[in-house]
Amino acid sequence: MSAHRPRSEDFGAQLSFDRGTPGRRAVDVPSWDGEQTPLPDAHLLRDEVRLPELSQGGLVRYYTALSARNYGIDSGTYPLGSCTMKYNPKVDDLVASLPGFATAHPQSPPEEAQGTLRTLLELRRGLAEITGLPHVSLAPAAGAHGELAGVLMITRALEDRGELETRRRILVPDSAHGTNPATAAMAGFTVTQIPTGPDGSLDRATIERELDETVAAMMVTVPNTLGLWENGIEEVADLIHEAGAYLYGDGANLNAIMGRVRYGDLGFDVVHLNLHKSFSTPHGGGGPGAGPVCCSEELAPYLPTPVLEEDEDGLVRLVAPERSIGRLQQFHGNVGVLIRAYAYMRALGLEGLRAVSGQAVLNANYLRVLMHGHYDLPYDRPVLHEVVFSGTRQRREHGVRTYDIAKRLIDHGFHPPTVYFPLIVEEALMIEPTETEPPEAIEALAEAMIAIAGESAEDPDTLHGAPWTAPLGRLDEATAARRPVLRWQPDEDAG
Ligand SMILES: *Cc1c(COP(=O)(O)O)cnc(C)c1O
């Protein structure tokens, strides 16, 4: 483990156990002279419970100090490419926490939950409108979960066509998010990789060569993980359909195109969205999320259960499509996230959603232009929501790696960008400023990145050891992953 640099006034620098003083208490419980509740049998009791002994003030300072060490979107710019760490309006949290939503019981009869169900139905309709794909299930709890739903739907459709035995391959671009090939493999398909051409779009010749009656589907990310528009996607859709296969869309980064381009119009059969990225849910650390799947008429019978529908009496119900792939999780999906998405969509309206995508694209291009020339830019053309630079020049000329650059950015006051992804860009630095950063924040980020490019020439060792200002310095990540120390142990050296 690395050097630990406690500051004497930093209450978070020591564990609560190490800060304890025998006899201190956070609360005083008055003695009780009423009736005593009998204690359980002695063998169920412990003589000693090792708890830190702190005063209430000490405890509050300890947790407050710890909370301030967490860097989040509420603390500053968080340019983690592909993840869309944007600022989410607090009013969406407020709406989701209204007692009518927050206390609704998932097993209430539909007649008693019409408020929540109708809200979800409206969201379903809105997402159908935005994607141009009329049928939607809100059930999946994440992007990867939505992908699995979509590929399982394709599996069932092929089964009904009697072609599941022969169509065993799924084409996946080499720039894809890892969840795409993982999903295809998990659903039992073989993955065929499609290379990216020099312009950052898919290599058409390879697609044409690979397409035959053994292909079940192709998964395409729009906009792609280089932050680029997928040139010729409509022709690719035609080719896929002529070959009898389905076109799956990874719509995780909808914030770049929403209100302007619809997956259904491009020829996609099924797409998942990441509501926690594009539609206002603070996310990170693995949750919470919602990855609805939207699909064409043809694939609608296979959608995961439940699907929201309105009957003739105007009652909203949860139904199971006739050839549904089944349930992906309990109840109706991640409702708190869905309500936030609804609030976000309604607050902005179509014009507002369009303004969001315009701003996302403007911000990413502003950053691209500001940083241009200081880092290599392997696909040098206007981008959509994010821009992927490369640290190869810094590595070649100064022995500084992207990893060092990312760690040094912490010292300059920013959260690092996504690194080493997409895999087709060496020493990748994938930066997404998002639509909610003001110009001065983008300028400050570019300044920091340019300063670091200068430091890599003048003082590479500072980068090799970074970060210097964080509570923990450079970690041995392999040891941390292989021998994690996850809890306090009284007699063990936690180093
Ligand atoms: C984030 C992301 C995913 C995965 O979404 P999760 O919600 O993390 O499962 C898939 N594809 C792309 C392009 C993404 O950015």
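We're numbering straight along the sequence, starting at 1. Whatever order the structure lists ligands and atoms in, that order sets their numbers, starting from 1.
Within ligand 1, counting atoms from 1 as listed, the ones closer than 4.0 Å to a heavy atom of Asp250 are 10 (C), 11 (N), 12 (C), 13 (C). Close contacts of ligand 1 with Asn253, meaning ligand atoms under 4.0 Å from a residue heavy atom, involve 13 (C), 15 (O). Atoms of ligand 1 found under 4.0 Å from any heavy atom of Ala142 (numbered from 1 in listed order, with element): 7 (O), 9 (O).
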Stepwise side-chain contact (heavy atoms from CB on, under 4.5 Å) check, Met219 with Val151: CA-CA 9 Å; Met219 301 178 85; Val151 172; 4.0 Å; yes
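Aromatic ring centres of His177 and Phe421: separated by under 6.0 Å.
Looking at Tyr302 and Asp160, their side chains do bring a donor and an acceptor atom within 3.5 Å of each other. Using modelled atom types, one finds no donor on one side chain facing an acceptor on the other under 3.5 Å when comparing Thr190 with Arg169. No hydrogens or angles considered: nothing links the side chains of Glu386 and Ser82 as a donor-acceptor pair under 3.5 Å. Donor-acceptor pairing under 3.5 Å is lacking for the side chains of Asn363 and His385.
For ligand 1, the polar-atom distance check against Ser82 finds a nitrogen or oxygen pair separated by under 3.5 Å. The N/O atoms of His276, backbone and side chain alike, include one that comes under 3.5 Å of an N/O atom in ligand 1.
Ion pairing between Glu235 and Arg204 holds under the 4.0 Å rule for side-chain N and carboxylate O.
Under 4.0 angstrom from ligand 1, the non-hydrogen atoms of Lys277 all belong to its side chain. With a 4.0 Å cut-off on non-hydrogen atoms, Ala252 touches ligand 1 through its side chain and not its backbone.
Nearest non-hydrogen protein atom to atom 5 (O) of ligand 1 is Asn274 ND2, 3.0 Å.
Protein non-hydrogen atoms do reach within 4.0 Å of atom 9 (O) of ligand 1.
Judged by the 6.0 Å and 45° rule, Arg393 forms no cation-pi pair with Tyr375.
The residue from Pro288, Ala141, Gly143 that puts a heavy atom closest to atom 6 (P) of ligand 1 is Gly143.
Within the 4.0 Å heavy-atom shell around ligand 1 one finds Glu147.
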